[in-house]
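One structure is given here, and the rest of the page talks about it.
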Amino acid sequence: MKTCITCSMPLEGAHANDIGFTTEDGLVCKFDSVDGKIKPAEEIFEGGVQFFMHSVADGDRDLAERLSRSNMKSLPYWQKNPFDLLNGPEATDEESQSAMMKLSSK
């Protein structure tokens, strides 16, 4: 499956047209790019927080931050390009699984 290297958004099916550009590391979605460049890490983190807060965390910002942190830290791109906001509490396995189940049912 094609996914964004910075947020793990699927880039197939309904999201096939959401590709912003391609790097040597892979695809970047249009939400995490501007003018053919990857947005600042802090903006991508905040985008993830907003996504999780509104889609699976029922407005719980703390949970959304932990889910974003866990998601981003799992991606090779951020393992090679860490930044300060990745330091902090992460979602538990149960929280992550629950969030993924909610997303897959939408």
Side-chain angles (χ1 to χ4, degrees):
M1 174 188 286
K2 297 178 189 176
T3 60
C4 176
I5 63 169
T6 59
C7 71
S8 73
M9 176 182 169
L11 295 170
E12 296 178 342
H15 297 285
N17 293 324
D18 290 338
I19 296 170
F21 70 102
T22 303
T23 71
E24 63 184 36
D25 293 318
L27 301 170
V28 179
C29 72
K30 67 182 182 182
F31 306 105
D32 292 349
S33 61
V34 64
D35 297 327
K37 296 180 183 171
I38 296 174
K39 286 183 177 179
E42 295 78 12
E43 286 184 38
I44 295 172
F45 180 81
E46 183 60 28
V49 170
Q50 292 299 315
F51 171 77
F52 284 121
M53 203 163 62
H54 297 293
S55 62
V56 297
D58 298 321
D60 182 341
R61 183 170 178 95
D62 179 63
L63 174 57
E65 286 184 5
R66 291 185 286 116
L67 287 166
S68 293
R69 199 170 284 118
S70 294
N71 178 56
M72 290 177 82
K73 287 177 82 170
S74 74
L75 300 173
Y77 181 82
W78 296 117
Q79 292 169 8
K80 291 192 306 188
N81 301 283
F83 61 102
D84 286 343
L85 285 174
L86 291 182
N87 299 323
E90 295 178 49
T92 64
D93 288 342
E94 293 79 21
E95 290 169 327
S96 294
Q97 289 172 356
S98 175
M100 293 306 118
M101 287 180 64
K102 286 181 182 179
L103 284 175
S104 67
S105 70
K106 291 186 176 206

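Keep in mind the model is a prediction, meaning the values are calculated, not measured.
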[X] side chain near [Y] side chain, heavy-atom distance below 4.5 Å:
X     : Y     : result
Leu11 : Cys29 : yes
Tyr77 : Val28 : no
Leu85 : Met72 : no

Linking I/L/V/M/F/W/Y whenever any side-chain heavy atoms sit under 4.5 Å apart, do Leu103 and Leu75 land together? no

Would you say Met100 and Leu63 are hydrophobically clustered, going by side-chain heavy atoms of ILVMFWY under 4.5 Å? yes

Atom CG of Asp35: over 12 foreign heavy atoms under 6.0 Å: no

Please confirm whether the backbone N or O of [Y] pairs with a side-chain atom of [X], one donor and one acceptor, at under 3.5 Å?
X     : Y     : value
Gln79 : Lys73 : yes
Arg66 : Thr92 : no
Glu12 : Lys2  : yes
Ser33 : Gly20 : no

If you look only at distance, which donor and acceptor atoms sit under 3.5 Å apart when one is on a side chain in residues 43-57 and the other is two or more places apart or in another chain?
from	atom 1	to	atom 2	distance (Å)
Glu46	OE1	Arg61	NH2	2.6
Glu46	OE2	Gln50	NE2	2.7
Glu46	OE2	Arg61	NH1	3.1
Gln50	OE1	His54	NE2	3.2
Ser55	OG	Phe51	O	2.6

Distance in Å, Asn17 CG paired with Ile19 CD1, rounded so as to fall on 0.5 Å steps: 8.0 Å

If you measure from NZ on Lys37 to OG1 on Thr23, what distance do you get to the nearest 0.5 Å? 14.0 Å

Criterion side-chain contact (heavy atoms from CB on, under 4.5 Å) against Ile5, the qualifying member of Thr22, Asp25, Asn81: Asp25

Asn71 and Ser8: which non-hydrogen atoms are nearest, and at how many Å? OD1-OG, 2.9 Å

Ignoring hydrogens, what is the shortest heavy-atom contact between His15 and Pro10? Give both atom names and the distance. CB-O, 3.2 Å

Do Asp32 and Lys39 pass the salt bridge (charged side-chain N to carboxylate O under 4.0 Å, His left out) test, and can you show the C-alpha distance, the side-chain angles, and the key distance before you say yes or no? CA-CA 6 Å; Asp32 292 349; Lys39 286 183 177 179; 6.0 Å; no

Checking Ser98 against Lys102 for the side-chain contact (heavy atoms from CB on, under 4.5 Å) test, could you report, in this order, the C-alpha distance in whole Å, the side-chain angles of both residues, the deciding distance, and whether it holds? CA-CA 6 Å; Ser98 175; Lys102 286 181 182 179; 4.1 Å; yes

